[in-house]
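The structure presented is a predicted model; accordingly, all values stated were derived computationally and were not measured. One-based numbering along the sequence shown.
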Amino acid sequence: MRPGRLSFTTLCLSFLLLGLSACSEPVDFQRARLANGLDIIVIPHHRAPTLTHMLWYRIGGADEPAGQSGIAHLFEHLMFKATETRPAGEFSKTVAAMGGQDNAMTLPDLTAYFQRIPKQHLSQVMAMEADRMVHLQLTQEDFDTERDVVLEERSMRVDQRPERRAHEIIMQQLYGDHPYAIPTIGWRREIETMPYAAARDFYKSYYAPDNALLLVVGDTTLAEVRALAEKHFGAIPASGASRPIRPALRFGEQTAAAKDTLKFADPQLQQYIWQRTYRVEPRAGDNRRDVAALAIAIDLLGGDSNSLLYSDLIRQNPIAQTVSADLSYYQKDAGEVSLYATVASKDALTTLDQAIDQTIARLAAGAFSDADISRSARKLAAAFLYQQDGQASMAFSYGLALAMGLDEQLILNWANDLEAVSRTDIIRAVSKNLIIAQSISAHLGPDI
């Protein structure tokens, strides 16, 4: 995402596929595919004469050639440069003149470009996206300029922030030789030495209709969108490029001895932080019950002030100052459970290690009631139901899921899956996913 512009990354990642439930009005997924492989999904949403237009490319930070980390994100920046018919920066200026908004984001598995516009400008926006899909004018000067912009972005968002630097090391330890170990923004040394040819090759291989999903949510129909897509994208040839093969991740078993707790000391830190990240099974069609059970389990563990962690570590035995637990599915090959706590002193970090493990053991033993299960299930279902009131939120949450290959029925049945979760399901999900050998713990502070 380009710095200094309206950010929808936080909006998108806040959904993370944790609550994809049906709306109060039925969601109508309308699909088509062009002969060149471009997938089209339209979700009519007629509350206002507006549209959210998104083009999702099935390529991201985890698909980069060895030694070229960050090329997917760098190329996202380059897509706003000149084409054969438009000067650099003209794309965003044109969208703004329509009264719209535009931006882009790079994720581990996907790169997305989006515009929120009045409905009468759909054809023009599609024409501009098709134009830069095939007619981008990549110059050495543009490449060098945007590489410097990305390096400055990395300095501000990672290198000058100790928690972000620590996160990169945690991910390296957690994922090993899998590309999720590499930050999407890229390693500084590899960005600095990135060859210009890397951008040309990346564009030629992956920016093509057979590697893209066109999603439009708003006041339109499939017939209208398909006709415009055929007009603007139909003549663009498929690239035939295949996604790079990744090492397989293993789940649900003790694959290695648990690593020592990582220590990060930095005087910039103003508090002592305890955190642990587990990698868990990705969301798929055959584990929907486990995913729903794990979502409820993590909410019971640390979702709010009613949770076990809050009760054990703040209310009853005040070891921690804050505590939380989150489950995310923004990656195709793995989900993640993140536990986070702050404490008042360095010594309390070691005490917290044992206390949190004890609370997790209580969760695994069923230290919750049926009423607790119902409360969490309603909370997760309602959270996304409220977010569905916005056209843009629908585009981001559904687009993220569909571009990663989830079936629409899996998405729409989320609320029913939550409602069906039993105590046995939760206990099984905890024992299957919260495996210490598939986690990394860390202590952060000014003088660790």
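Taking Ile427 as the reference, Phe368, Arg423 meet the side chain to side chain contact (heavy atoms under 4.5 Å, CB included) condition, with sequence neighbours excluded. Phe264 pairs by the ring pair (Phe, Tyr, Trp, His ring centres under 6.0 Å) definition with nothing, not counting sequence neighbours. Contacts of Phe75 classified as ring pair (Phe, Tyr, Trp, His ring centres under 6.0 Å), with partners at least two apart in sequence or in another chain: Tyr203, Tyr207. Listed by chain and residue number, Tyr180 satisfy the ring pair (Phe, Tyr, Trp, His ring centres under 6.0 Å) test with His178 (two or more places apart in sequence, or in another chain). Applying the salt bridge (Lys or Arg N to Asp or Glu O under 4.0 Å) test to Arg164 and every residue at least two apart in sequence or in another chain returns nothing. Under the rule for a side chain to side chain contact (heavy atoms under 4.5 Å, CB included), the partners of Ala212 that lie at least two apart in sequence or sit in another chain are Leu38, Leu55, Tyr57, Met133. Applying the side chain to side chain contact (heavy atoms under 4.5 Å, CB included) test to Thr184 and every residue at least two apart in sequence or in another chain returns Thr106, Pro108. With sequence neighbours left out, the side chain to side chain contact (heavy atoms under 4.5 Å, CB included) criterion links Ala284 to Asp286, Asn287.
Applying the salt bridge (charged side-chain N to carboxylate O under 4.0 Å, His left out) test to pairs two or more places apart or on separate chains, those with a residue in residues 400-412 are Arg31-Glu408. The stretch residues 53-65 participates, sequence neighbours left out, in these salt bridge (charged side-chain N to carboxylate O under 4.0 Å, His left out) pairs: Asp39-Arg58, Asp63-Arg243, Asp63-Arg246. Applying the ring pair (Phe, Tyr, Trp, His ring centres under 6.0 Å) test to residues at least two apart or on different chains, none of the pairs has a partner in residues 338-358. Within the structure, the salt bridge (charged side-chain N to carboxylate O under 4.0 Å, His left out) test picks out the following pairs touching residues 298-317 (sequence neighbours left out): Asp299-Lys379, Asp304-Arg375, Asp304-Lys379, Asp312-Arg362.
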